[in-house]
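The structure under discussion appears below in the form of structure tokens.
We use all heavy atoms of the structure for the numbers below, so side chains are in, but hydrogens, waters and symmetry mates are not. Sequential numbering from 1 along the given sequence is applied to the chain's residues.
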Amino acid sequence: MTTPDAPRAGRLLMNLYPVHYRAAHGEDIAAVFAETTEGLPGRAVLRERFDLAAHALRLRLRIGPTDPAGRVLAGAAPVALAIVAGRCLFFLLPQLHPMVHRLRYPYPNLGLGYAVQGAILLLAGNLPWLLALAFAVTGRWKAARITGALAALVGVGVLWSLGVFMLWEVGPMVSLAAVGALLLLAPSGLVDVTARGRWEAAGLALGIAVPMLAVAHYQIPLLESLFLWDGTFWLYTATAVVLLLRLSGRRPDVLRAAGVALGPLPWLLPLAFAALDGSEPLFLLAQYGGACLVPLGAAAAGAGVVQLVRRARAGRPSPSA
């Protein structure tokens, strides 16, 4: 693959690797790739090329399995996926009944085509994320990351088709794109696919969607303030629970926990775009963005107290018999 007569696609893929790594392992990688793809159909070869390119980019960006950044991304990816899936549940479920009703009884002046178009956009923007979460919960992370990346691409297309006229409206599109990139860059082998990790992803998605649905349905004034900016504050509050559980363990993985804290970060991007657009006062946006970080700080502090108490008990001499 590194020779001049090698396929052009193969040479381009190999050039993605850092020079020193390519010099040391290039021939082995080319041989394994050729052996793996021999006899495979075109779609399977394309998937193998995609995996090879992702591996090369991780090494070049120093986010591979042996890099600290790789562990951080591996902790952030399932959290980011669960957050988007929870948001999709919140937006999709209340719209299902009106969608079916509108398909059965279209607006007289718009016709059935308009109702079908709306249903397609609603389902296309939400169902792929729920499918990606289903793959993650069942331990099929490779399928989850690919489905999530495609869902991000489709979601950006759906938002674009709805019309983007103001800079602050670009924020959700950038958030989806950031989550898709995160899923692709996170080393698959480091993502927690144990029962605990899968339950955390499912619990986080439901912990985001169910309270937001309840507040929206019952219109609870005291809690509605938690869901400003499409529930960004609640995303951080729910994620803080996962962070607390991660850091409170007997042997906490600090790098993965840092990734958990970074999981909801893409959903602060709309605040930045709103600030650039000037649609909201900058000091209000800064206050709200800072408030979103408070639950994470409280979770870290609470976990620190738990660890101190555990160490104090461990150092206490046991009572004599």
Side-chain angles (χ1 to χ4, degrees), residues 63 65-87 133 136-137 139 141 175 178-179 182-183 185-187 189-212 223 225-229 231-269 271 286-318:
I63 55 175
T66 59
D67 297 307
R71 300 188 68 84
V72 173
L73 292 178
V79 172
L81 173 59
I83 287 174
V84 182
R87 286 170 53 89
L133 179 66
V137 171
W141 178 252
S175 298
V179 174
L182 176 60
L183 295 177
L185 292 175
L190 295 182
V191 174
D192 186 2
V193 294
T194 63
R196 174 185 176 180
R198 299 198 301 269
W199 277 108
E200 280 183 354
L204 179 57
L206 293 175
I208 288 171
V210 173
M212 291 176 68
L223 297 179
S225 60
L226 293 177
F227 304 111
L228 297 174
W229 289 94
T232 306
F233 182 80
W234 182 250
L235 302 183
Y236 275 84
T237 303
T239 304
V241 177
V242 179
L243 180 63
L244 177 62
L245 294 175
R246 285 281 178 174
L247 290 176
S248 298
R250 293 191 175 276
R251 295 182 178 179
D253 189 329
V254 178
L255 292 177
R256 288 179 187 269
V260 170
L262 292 177
L265 183 62
W267 298 104
L268 283 182
L269 294 176
L271 298 181
Q287 287 180 349
Y288 184 68
C292 289
L293 301 178
V294 171
L296 297 180
V305 172
V306 171
Q307 295 294 349
L308 288 175
V309 171
R310 181 178 290 124
R311 291 178 183 178
R313 289 182 176 179
R316 186 182 304 170
S318 59

Residues Gln307, Leu247; criterion side-chain contact (heavy atoms from CB on, under 4.5 Å); working and verdict: CA-CA 8 Å; Gln307 295 294 349; Leu247 290 176; 5.8 Å; no
CG on Asp253 to CZ on Arg71, rounded to 0.5 Å: 4.5 Å
Verdict with reasoning, Leu244 to Val241, per side-chain contact (heavy atoms from CB on, under 4.5 Å): CA-CA 5 Å; Leu244 177 62; Val241 177; 5.7 Å; no
Inter-residue atom distance Leu206.CG - Trp199.CH2, 0.5 Å rounding: 9.5 Å
Heavy-atom check, side chain of Val179 versus side chain of Leu81, under 4.5 Å: no
Nearest non-hydrogen partners of Ala205 and Leu133, listed with the distance: CB-CD2, 3.6 Å
Heavy-atom pair with the smallest gap, counting every atom of Val242 and Leu204: CG2-CD1, 4.2 Å
Minimal non-hydrogen separation, Pro187 against Ile63, with atom names: CG-O, 3.3 Å
Least distance between heavy atoms, Tyr236 atom then Pro264 atom: OH-O, 3.3 Å
Side chain to side chain donor-acceptor pair (under 3.5 Å) contacts in which one or both residues fall within residues 292-306, not counting sequence neighbours: none
Note: Asp192-Arg256 ion pair, threshold 4.0 Å (strictly below): no
Distance in Å, Phe233 CZ paired with Leu268 CG, rounded so as to fall on 0.5 Å steps: 11.5 Å
Residues forming a side-chain contact (heavy atoms from CB on, under 4.5 Å) with Asp67, sequence neighbours excluded: Arg62
Trace of the side-chain contact (heavy atoms from CB on, under 4.5 Å) decision for Val84 with Trp267: CA-CA 9 Å; Val84 182; Trp267 298 104; 3.7 Å; yes
Minimum heavy-atom distance between Val137 and Ala202, given as atom pair plus value: CG2-CB, 3.9 Å
Considering all heavy atoms, the nearest Leu296-Ala261 contact: CD1-O, 3.6 Å
